[in-house]
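Just below is one structure, and these are the notes that go with it.
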Amino acid sequence: MASVSSQPQFRYTQPPSKVLHLRNLPWECTEEELIELGKPFGKVVNTKCNVGANRNQAFIEFADLNQAIAMISYYASSSEPAQVRGKTVYLQYSNRQEIVNNKTTADVAGNVLLVTIEGQDARLVSIDVLHLVFSAFGFVHKITTFEKTAGFQALVQFSDAETATSAKSALDGRIIPRYLLSENISPCTLRITYSAHTDLSVKFQSHRSRDYTNPYLPVAPSAIDGSGQFSLGLDGKKLEPESNVLLASIENMQYAVTLDVLHMVFSAFGPVQKIAMFDKNGGLQALIQYPDVQTAVLAKGTLEGHCIYDGGFCKLHLSYSRHTDLSIKVNNDRSRDYTIPNPAMVNPQPSTLGQQPVQAMGGPAAHQYNGAPYASGLQQPTMLPQPSGGWTSTVPAVAQQSMPVQMSNHYPYIPPSSMPQTNPGMMRMPGQGGVPPDAAGGAMPPYRSNQM
DNA sequence: AGCACA
């Protein structure tokens with residue numbers, strides 16, 4: 001205990017304490033900055049920053065009460081207010097006598113992040129979008145989401161604290177990129193702290209929790225029944241375990257959808273290995289095989305519910321197939337194995353549908369897909385390294401620009417002349433996971449820091 | 001801009 005100043009010449013709303021309460025601090029104010037601020041007045045023995053709902057308050061504890069008084073006194077009569085990074089901070093005695101527990105779990109680095117999604121439509125953010133966002137920093141093992149008083153929250157598990165830290169520092173306080181969300185969803189801010197968890201317990205794959213280390217984990221019973229087919233929508237869905245093979249159903253197929261059209265559409269996300277088309281329940285379905293699950297997830301997340309042609313034609317519904325490797329017996333206009341090295345094996349001539357000439361679409365159709373092509377991240381889109389550039393440069397394959405060369409070799413089917421106001425290469429993606437408008441147009445650097 | 005504790 002320090003000797004108490006017996007001179008009440010400075011009366012403030014709070015009785016003196018060697019702990020000072022600061023407010024109006026800039027976000028992400030560091031302990032070092034607090035120490036710098038207090039050092040001229042005495043020995044700072046403890047600090048706590050990021051306090052309060054807005055995390056813009058802090059405490060400084062001096063070794064001696066007189067030092068705290070000196071600081072308060074100084075700024076009470078100074079013409080220059082106390083500042084941190086040019087921002088005026090307001091000081092007063094704390095109503096506590098010491099800083100307790102300077103390090104909370106939220107401050108101790110761990111491999112699991114506690115993410116609070118803030119915003120009007122926070123709970124419309126799907127677990128898939130979160131997965132995509134956090135995968136930019138490393139392999140995401142598990143995600144659980146839940147509703148608390150703090151709002152919509154998620155726990156995101158990485159392999160290690162370093163990866164989690166890079167994600168935290170890049171994403172904390174940023175918004176989820178708009179193009180990952182439906183247009184009518186208002187901006188959602190991420191607030192991130194560390195969780196004390198080290199390994200989340202995920203019993204089922206569901207719209208609320210995922211275990212990406214175990215794609216064949218049973219699907220939650222609650223997610224199975226009643227949900228039937230495609231629940232589209234903005235929030236959780238995806239009832240089946242992820243797979244590298246997608247099952248596509250095409251609704252409202254006013255125009256023929258050919259193998260080549262499917263190949264082009266799905267190649268935007270990664271190499272398509274095999275496609276098999278078949279009729280089911282009077283509609284057309286297709287199985288599309290990628291080399292890896294991540295690519296399929298990306299394609300599904302982006303394409304689900306969207307139409308191949310403008311005007312609501314040929315709407316895609318995607319689910320995960322239980323297949324992992326399709327058996328293509330013969331290459332024809334309904335099925336093809338693109339991995340077969342000898343092109344002579346492939347019959348490029350659709351037999352039932354006349355192949356239409358391809359011009360008329362303002363450049364190669366492939367370019368329409370520049371927004372979501374795969375690129376370097378192809379093999380492991382979740383392994384993109386590199387925290388330093390911020391996630392501007394690290395975000396998933398969605399952001400990559402380069403286009404697979406082979407795209408230009410494919411001939412999208414052009415529907416009959418009655419084709420409505422769009423060319424077939426142009427996907428309309430109004431919904432969640434949609435490619436940003438610029439992306440569809442080809443020129444797009446969506447990962448600007450100012451978009452976060 | 002007003003006192004910490006997923």
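Letters A, B, ... mirror the listed sequences (proteins, then strands); counts begin at 1. Computed from a prediction, not measured in an experiment: that's the story for all the values here.
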Inset, instruction - Measure from the ring centre of Phe59(A) to the centre of the six-membered ring in the base of dA4(B), then say whether that distance is under 5.5 Å and the planes meet at under 30°. - result: yes
Legend entry - Value in whole Å for how far the C1' atom of dA4(B) lies from CD of Glu98(A): 13 Å
Inset, instruction - Quick one: closest heavy-atom pair of Lys18(A) and Gln97(A), and the distance? - result: NZ-O, 3.5 Å
Legend entry - Nearest to side-chain heavy atoms of His197(A), which nucleotide of dA4(B), dA6(B), dA1(B): dA6(B)
Legend entry - Minimal non-hydrogen separation, Pro187(A) against Arg178(A), with atom names: CG-NH1, 3.1 Å
Legend entry - Nucleotide of dA1(B), dA4(B), dG2(B) approaching His21(A) most closely (side-chain heavy atoms): dG2(B)
Inset, instruction - Could you identify which residues of residues 148-158 of chain A place a heavy atom less than 4.0 Å from some atom of DNA chain B, listed by residue number, or say none? - result: Lys148(A)
Inset, instruction - Under 4.0 Å between any heavy atoms, over every strand shown, what does Ser94(A) touch: base, sugar-phosphate, or nothing? Just pick one. - result: base
Legend entry - Nearest-nucleotide pick for Arg23(A), side chain only, options being dG2(B), dA4(B), dA6(B): dG2(B)
Legend entry - Any donor-acceptor pair under 3.5 Å from Asn54(A) side chain to Asn56(A) backbone: no
Legend entry - Protein-nucleotide distance (Leu91(A), atom CG; dC3(B), atom P), rounded to Å: 15 Å
Inset, instruction - Could you check how far CG of Leu22(A) sits from C1' of dA1(B), rounded to whole Å? - result: 12 Å
Legend entry - His207(A) side, atom NE2; Thr145(A) side, atom OG1 - distance, nearest 0.5 Å: 7.0 Å
Inset, instruction - Look at the side chain of Asn95(A) and decide which nucleotide, out of dA4(B), dC3(B), dA1(B), has an atom nearest to it. - result: dC3(B)
Inset, instruction - Kindly compute the distance separating OG (Ser321(A)) from CD (Gln285(A)), expressed to the nearest 0.5 Å. - result: 10.5 Å
Inset, instruction - Starting from C1' on dC3(B), measure out to CG on Asn54(A) and report it in whole angstrom. - result: 13 Å
Inset, instruction - Using atom CG of Asn24(A) as one end and atom P of dC3(B) as the other, report the distance to the nearest whole Å. - result: 13 Å
Legend entry - Distance in angstrom units between Arg55(A) CZ and dA6(B) C1', rounded: 11 Å
Legend entry - Quiz item: Gln92(A) side-chain donor-acceptor pair to dG2(B) base, under 3.5 Å: yes
Inset, instruction - Rounded off to whole Å, could you give me the CZ-to-P distance for the Arg96(A) and dA4(B) pair? - result: 6 Å
Inset, instruction - Grab the CG-C1' distance between Leu200(A) and dA6(B) for me, whole Å please. - result: 13 Å
Legend entry - Within the 6.0 Å centroid threshold, strictly below: Phe134(A) and Tyr212(A): no
Legend entry - Given dC3(B), dA1(B), dA4(B), the nucleotide with the shortest approach to the side chain of Gln14(A): dC3(B)
Legend entry - Polar side-chain atom of Glu61(A) near backbone of Thr47(A) as donor-acceptor pair, under 3.5 Å: no
